[in-house]
Colleague: 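Sharing a structure with you now.
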Amino acid sequence: NYTLGDAVARMMRMLGRNVLHPMGWDAFGLPAENAAIAHGIDPAVWTAENILKMRRQIRLMGAGYDWSREIATCEPEYYRWNQWLFLQLYKHGLAYKRDAAVNWCPHDKTVLANEQVIDGRCWRCSTLVERRFLSQWFLRITAYADRLLNDLANLTGWPERTRTMQRNWIGRSEGVQFAFAVEGLDDKVEVFTTRIDTLFGATFLAVAPEHRVVARLQQIVSREHAAAIESFTQSLKSKSELERTSLMEKHGIFTGAYAINPLSRERIPLWLTNYVLAEYGSGAVMGVPAHDERDFDFAKSHGLPIVQVVVPSEGPSGEPLESAFVEDGRLISSEDFSGMSSARAREALAERLAFMGAGGKSVNYRLRDWLISRQRYWGTPIPILYCAACGEAPVLDDQLPVLLPVRSHMAEFLETTCPKCGGKARRESDTMDTFFESSWYFLRYLDPHNDAAPWAAEHARRWMNVDQYIGGAEHAVLHLLYSRFFYKFFHDRGWIAGADEPFENLFHQGLVLRDGEKMSKSRGNVVGIDQTAERSGIDAMRLFLLYVTPPEETSNWTDEGISGRVRLLNRIWRACEPYFGQTRSATEPMAAAESPAEKALVRAAHVAAKSAIDETVSRRFHYNATIAKLDELVNLMTAASSGMPESPATRYAAEALPILIAPFAPHIAEELWERFGHATSVHLERYLEPDQRALATEEITLVVQVNGKVRARIPAPAGVSESEALALALHDSNVRVHLGGKEVRKHIYVPDKLLNLVAA
RNA sequence: GCCCAGAUGGCGGAAUUGGUAGACGCGCUGGUUUCAGGUACCAGUGGUGGCAACACCGUGGGGGUUCGAGUCCCUUUCUGGGCACCA
């Protein structure tokens, strides 16, 4: 995973840029905790051991990280600032605790993030997830919904699909919020709709079983209806949102109560259903079967009336609907709004409702506040305490960090005193979602040892934002959204200057598979770093990973593939060997080459250099193409060693090789460089600058087409004129055969490339 | 169902703005070196026909634009990824 990033960092540095390339450990979390439990070890010990192992292997891979900036999120030096940032969010009203319906795994006994629920089941133990009402900590990411959405337009360095995924995730929709009165109750039910133009087609009102009106209905309906409401609510109580919606048919019950349409004054039945989400909008919808597919399905299966109030602007109407007509059109049966277009009716109805004081325009998001508390041990303690007298209180800044206790001392940990009254208080026992730590770690790299602040503003001013971010696409709406939220908050505090987006350019890497499957211990198809280092060498591995596939594609590890790169490295070594110990000052490329073969050799070196640079500055990173150019160069050098005597050209090409390969195969590059007799590191050199004269060719192949088909390839001097090219073509025997004596009506000439003769 | 990305030899993949399709590598075939194997090196390797020169076909299928299409347009099939009752 880190090979591409390292190649990019090394290329950038050899192009003269000042590169900060750090590494750290996102070390808290459920998987580490469970693995530690399974091994009967303290998670802190388990994690420390694994960091040691992984650090050794990553160093073995030759990644050029600045290890002086290494961080681990499970260390107090880091999570202290995690707690401090939580308190900053708390003080600005962006962290709050509330009762909410959450995903609960009854087996693991913790809440789960939405992303940890797969098809309604716990991602680890496959237990069916339940819905529970618990008091949990949330971050108010929805306060930034509009900015998170609008600023996506400026993220031109991000893949379009990632921006689209974030747009869909945030899911802004504009509509109207208004209320239905409930007959016999001094209470109203608010609904949100994007299709207020269909208001007169509402034939029922549907609410989620959790809606607060449900309890009050029990007082006004018959005993039978009250019992039905109770049993329906009970049957759905523990069912997760996903279970209710995706895994169940639409169903519902009539409550026995009626709601009043605020405009038509029509009386419509109030239903409880499983398909209305408690957590979106107001937890209630107006049911318009004629113009909404879901309402149509529900009305059909429950015998509710279907009233069409929008008809296509042109074409026939009046036919009974076979499915919901969801497009815009022209209103009918809608009192004085009849005849209006949907668009105009939406404006007019919003105004009318606002005038009546019954509602108005509103915006809703599918984005929900981020649930960050976890009933888990291995995480950052949430720095809050609860006093019987004073209530909820933040831990004072000078009391940070709240250290994670060893597990046997949990009881002592929880007991504390209130900072206000000095009385007994209890600590919050939940820890934070690990996505909290990972939402700002890139800033800590700038100033990893600062014990007065998470980072000093001057460092952020100097380095931010992240110029190139490389990671998997699986974080499109998680880490990459959370980080944007945090960064905007920091920016608003004045802790960061410049852009309020953390990642300027984003690149998603493809997976590396083996035998068509993801490498994993359980599948037993993992390729060991140590074993690979031993057998093939790290440089061959790095070259292979960059070479198999363009970096954004899924690639397949093969043992044959890596041996091809071992062969390349051996050939590079042999091509350089004759010149060991003969350092000279840099040679001017054109002076080195005389014969066409020598010029081709020098040219190949510059073609490779141009490819490496182009792939880097364009941020396409298709180094597979660059390495193919290196193959071509080495092929020429191998041919030269048998046919061409040692010459300034072969020497020039050999001496260019360590620099050309340095970002991709750093170890052998350094070794060759030293053997040439250099006293300093090749990694401190500038990359080979492509020379226009070295790239130019003196002879070209003129492709001659007759009526668009290639009929001859004629060698010609570069810059051959159109008339000369025409003369050459007309002298070619195969061209004459295909012209068959016919007149050349016209011709198309592409200089130094192609001549197409069009014959009658 | 909706949205996005893709489809090129036996395999992974190349191919500025439409201008030599298959670079480079893997694999395979033959050869040189070797007692032998391996390594290394040389030659060949999209299909069909031909001794060859060369011809025809060929970038998932069908249609179109163009002197010329892997590349642009329409349509269709398949594959991968994402979202799936958000009112």
Side-chain angles (χ1 to χ4, degrees), chain A residues 159-165 167-169 171-173 175 191-196 198 206 241-242 244-246 248-250 273-277 279-288 291-295 297-298 364-368 473-474 476-477 508 510 543-544 547-550 552-568 570-571 574 614 618 622 624-635 638-639 641-642 700-713 733-734 737-738 745-751 753-759:
Chain A
E160 188 52 49
R161 64 177 165 133
T162 308
R163 293 196 280 169
T164 304
M165 278 170 73
R167 256 180 226 117
N168 294 340
W169 187 264
R172 180 189 153 98
S173 48
V191 298
F192 172 77
T193 180
T194 55
R195 291 299 306 276
I196 193 66
T198 65
E241 183 174 286
L242 200 116
R244 286 188 195 181
T245 56
S246 296
M248 278 185 188
E249 293 282 291
K250 283 184 189 60
T273 71
N274 66 323
Y275 78 95
V276 174
L277 306 175
E279 299 280 313
Y280 182 78
S282 54
V285 297
M286 63 172 193
V288 185
H291 304 296
D292 182 281
E293 281 168 23
R294 297 150 302 181
D295 296 344
D297 285 352
F298 188 73
N364 260 290
Y365 301 89
R366 69 197 302 170
L367 180 71
R368 312 213 182 139
E474 67 275 12
V477 292
H508 291 314
L543 282 174
F544 169 72
Y547 184 67
V548 251
T549 305
E552 68 275 19
E553 301 291 334
T554 303
S555 55
N556 250 294
W557 179 279
T558 64
D559 293 340
E560 294 78 16
I562 197 170
S563 51
R565 298 301 86 189
V566 173
R567 282 196 273 275
L568 172 65
N570 287 338
R571 281 164 14 111
R574 285 198 302 272
D614 287 351
S618 70
H622 284 202
N624 54 322
T626 302
I627 295 168
K629 301 275 191 288
L630 287 169
D631 273 307
E632 291 188 63
L633 170 62
V634 176
N635 283 346
T638 304
S641 69
S642 49
I700 56 115
T701 301
L702 180 70
V703 175
V704 182
Q705 299 182 329
V706 176
N707 291 330
K709 291 204 171 201
V710 178
R711 296 304 180 187
R713 296 181 174 89
S733 57
N734 200 42
V737 167
H738 285 92
R745 229 180 43 211
K746 71 167 179 173
H747 62 270
I748 291 95
Y749 181 58
V750 183
K753 266 200 179 148
L754 173 139
L755 179 67
N756 187 13
L757 305 174
V758 184

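Computed from a predicted structure; not experimentally measured. As a basis for the values below, the full set of heavy atoms in this structure was taken, side chains included, without hydrogen atoms, waters or symmetry mates.
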Colleague: Between B:rA84 and B:rG1, how far apart are the C1' atoms? Round to whole Å, please.
Modeller: 8 Å
Colleague: Using purine N1 to pyrimidine N3 plus N6-O4 or O6-N4 for Watson-Crick, or N1-O2 and O6-N3 for G-U wobble, each under 3.5 Å, what pairs with B:rC24?
Modeller: B:rG12
Colleague: Please state the P separation for the pair B:rG46 and B:rU59 - nearest whole angstrom.
Modeller: 16 Å
Colleague: Which one, B:rC3, B:rA87, B:rA14, comes nearest to the side chain of A:Thr193?
Modeller: B:rA87
Colleague: Mind checking if A:Val288 touches a base, just sugar-phosphate, or nothing, with heavy atoms under 4.0 Å?
Modeller: nothing
Colleague: When you measure from the side chain of A:Lys709, which nucleotide among B:rC56, B:rG25, B:rA87 comes out closest?
Modeller: B:rC56
Colleague: With syn defined as a glycosidic torsion within 90 degrees of 0 and anti otherwise, which applies to B:rG60?
Modeller: anti
Colleague: Take atom CD1 of A:Ile627 and atom C1' of B:rA23, then tell me their distance rounded to the nearest Å.
Modeller: 15 Å
Colleague: If you go through the side-chain atoms of A:Lys250, does one of them form a donor-acceptor pair with the base of B:rC85 closer than 3.5 Å?
Modeller: yes
Colleague: Taking any heavy-atom pair under 4.0 Å as a contact, classify A:Arg161: base, sugar-phosphate, or nothing.
Modeller: sugar-phosphate
Colleague: On RNA chain B, compare the nucleotides closest to A:Gln705 and A:His738; which residue's is nearer the 5' end?
Modeller: A:Gln705
Colleague: Looking at B:rG13, I'd like to know if its phosphate oxygens (OP1 or OP2) sit under 4.0 Å from a side-chain N or O belonging to A:His622.
Modeller: no
Colleague: Does A:Asn756 reach the main-chain N or O of A:Gly708 with its side chain, forming a donor-acceptor pair under 3.5 Å?
Modeller: yes
Colleague: Would you say A:Asn756 reaches B:rU66's phosphate, i.e. side-chain N/O to OP1/OP2 under 4.0 Å?
Modeller: no
Colleague: Mind checking who B:rA5 pairs with, Watson-Crick or G-U wobble, both distances under 3.5 Å?
Modeller: B:rU79
Colleague: Using a 4.0 Å heavy-atom cut-off, does A:Asn624 contact any base of the nucleic acid, only the sugar-phosphate backbone, or nothing at all?
Modeller: sugar-phosphate
Colleague: It should be established whether A:Arg713 places a side-chain nitrogen or oxygen under 4.0 Å from OP1 or OP2 of nucleotide B:rC54.
Modeller: no
Colleague: Rounding to a whole Å, what distance do you find between A:Arg745:CZ and B:rG68:C1'?
Modeller: 14 Å
Colleague: Is a side-chain donor-acceptor pair under 3.5 Å present for A:Arg571 with A:Asn635?
Modeller: yes
Colleague: For A:Glu632 and A:Glu553, find the nucleotide of RNA chain B closest to each by heavy atoms; which residue's nucleotide sits nearer the 5' end?
Modeller: A:Glu553
Colleague: Heavy atoms, side chains only, cut-off 4.5 Å: are A:Asp631 and A:Tyr547 in contact?
Modeller: yes
Colleague: Using atom CG of A:Asn734 as one end and atom C1' of B:rA53 as the other, report the distance to the nearest whole Å.
Modeller: 9 Å
Colleague: Ignoring backbone atoms, test whether A:Tyr280 places a side-chain nitrogen or oxygen under 4.0 Å from the OP1 or OP2 oxygen of B:rA87.
Modeller: yes
Colleague: Measuring to OP1 and OP2 of B:rC26, would you say a side-chain N or O of A:Arg565 lies under 4.0 angstrom away?
Modeller: no
Colleague: Just checking A:Tyr547: base, sugar-phosphate only, or nothing, at a heavy-atom cut-off of under 4.0 Å?
Modeller: base
Colleague: Mind checking if A:Ser173 touches a base, just sugar-phosphate, or nothing, with heavy atoms under 4.0 Å?
Modeller: sugar-phosphate
Colleague: Is it the case that the base of B:rG25 and the side chain of A:Glu560 share a donor-acceptor contact (distance under 3.5 Å, atom types as modelled)?
Modeller: no
Colleague: If we call it a pair only when both distances are under 3.5 Å in a Watson-Crick or G-U wobble match, what pairs with B:rU17?
Modeller: none
Colleague: Within less than 4.0 Å of OP1 or OP2 of B:rC41, is there a side-chain N or O belonging to A:Arg571?
Modeller: yes
Colleague: Could you tell me how far apart A:Asp614 (CG) and B:rA15 (C1') are, to the nearest whole angstrom?
Modeller: 15 Å
Colleague: Roughly how far, to the nearest 0.5 Å, is the CG atom of A:Asn570 from the OG atom of A:Ser563?
Modeller: 11.0 Å
Colleague: From B:rC41, B:rC85, B:rG27, pick the nucleotide closest to the side chain of A:Tyr275?
Modeller: B:rC85
Colleague: When rounded to the nearest Å, what value does the distance between C1' atoms of B:rC26 and B:rU76 take?
Modeller: 34 Å
Colleague: Could you tell me whether the phosphate oxygens of B:rA87, OP1 or OP2, come under 4.0 Å of any side-chain nitrogen or oxygen in A:Arg366?
Modeller: no
Colleague: For B:rG70, which nucleotide is its Watson-Crick or G-U wobble mate, given both distances must be under 3.5 Å?
Modeller: none
Colleague: Choose from B:rA40, B:rA87, B:rA21 the nucleotide whose nearest atom is closest to any side-chain atom of A:Val710.
Modeller: B:rA21
Colleague: To the nearest Å, give me how far apart OH (A:Tyr749) and P (B:rG19) are.
Modeller: 17 Å
Colleague: Measure from the side-chain heavy atoms of A:Val548 and tell me the nearest of B:rG12, B:rA87, B:rA21.
Modeller: B:rG12
Colleague: Taking B:rG9 as the reference, what is the distance to B:rU48 when you measure between their C1' atoms (whole Å, please)?
Modeller: 15 Å
Colleague: Taking the six-membered ring of A:Tyr275 as reference, does the cationic atom of A:Lys250 (NZ for Lys, CZ for Arg) lie under 6.0 Å from its centre and within 45° of its axis?
Modeller: yes
Colleague: Answer with base, sugar-phosphate or nothing: what part of the nucleic acid does A:Gly561 contact at a heavy-atom distance below 4.0 Å?
Modeller: nothing
Colleague: Ignoring hydrogens and angles, tell me if any N or O in the side chain of A:Asn274 forms a donor-acceptor pair with the backbone of A:Glu249 under 3.5 Å.
Modeller: yes
Colleague: Quantified in whole Å, what is the C1' atom distance between nucleotide B:rC57 and nucleotide B:rU8?
Modeller: 16 Å
Colleague: Closest approach to the side chain of A:Asn635, judged atom by atom: which nucleotide of B:rC24, B:rA87, B:rC83 is it?
Modeller: B:rC24
Colleague: When rounded to the nearest 0.5 angstrom, what is the spacing between CZ in A:Arg161 and NE2 in A:His508?
Modeller: 5.5 Å
Colleague: Go through B:rG19, B:rC24, B:rA84 for me and flag the one nearest to the A:Asp631 side chain.
Modeller: B:rC24
Colleague: Using the P atom as the reference point in each nucleotide, state the distance between B:rC2 and B:rA69 in Å, no decimals.
Modeller: 34 Å
Colleague: Distance check needed: B:rA84 C1' versus A:Arg167 CZ, whole Å only.
Modeller: 19 Å
Colleague: Could you measure between the two P atoms, the one in B:rG27 and the one in B:rU66, and give it in whole Å?
Modeller: 47 Å
Colleague: Watson-Crick or G-U wobble partner for B:rG49, using a 3.5 Å limit on both distances?
Modeller: B:rC54
Colleague: Counting any heavy atom closer than 4.0 Å, what does A:Asn556 reach on the DNA or RNA strands: base, sugar-phosphate only, or nothing?
Modeller: nothing
Colleague: Applying a 3.5 Å limit to both distances, which nucleotide forms a Watson-Crick or G-U wobble pair with B:rA43?
Modeller: B:rU29
Colleague: From A:Glu553 CD over to A:Asn624 CG, what is the distance, rounded to the nearest 0.5 angstrom?
Modeller: 9.5 Å
Colleague: Would you measure the distance from the C1' atom in B:rA15 across to the matching atom in B:rA23 and give it in whole Å?
Modeller: 8 Å
Colleague: Hey, what do you get for CZ (A:Arg195) to CE (A:Met286), rounding to the nearest 0.5 Å?
Modeller: 8.5 Å
Colleague: Please tell me which of the listed nucleotides, B:rA14, B:rC3, B:rC54, lies nearest to the side chain of A:Pro550?
Modeller: B:rA14
Colleague: Any idea which of B:rA84, B:rC41, B:rC56 is nearest the A:Arg711 side chain?
Modeller: B:rC56
Colleague: Kindly point out which of B:rG82, B:rC67, B:rG19 is positioned nearest to the side chain of A:Leu754?
Modeller: B:rG19
Colleague: Rounded at 0.5 Å granularity, tell me how far CG in A:Leu568 sits from CZ in A:Phe544.
Modeller: 13.5 Å
Colleague: Can you tell me the distance, in whole Å, between the CG atom of A:Leu568 and the P atom of B:rU39?
Modeller: 16 Å
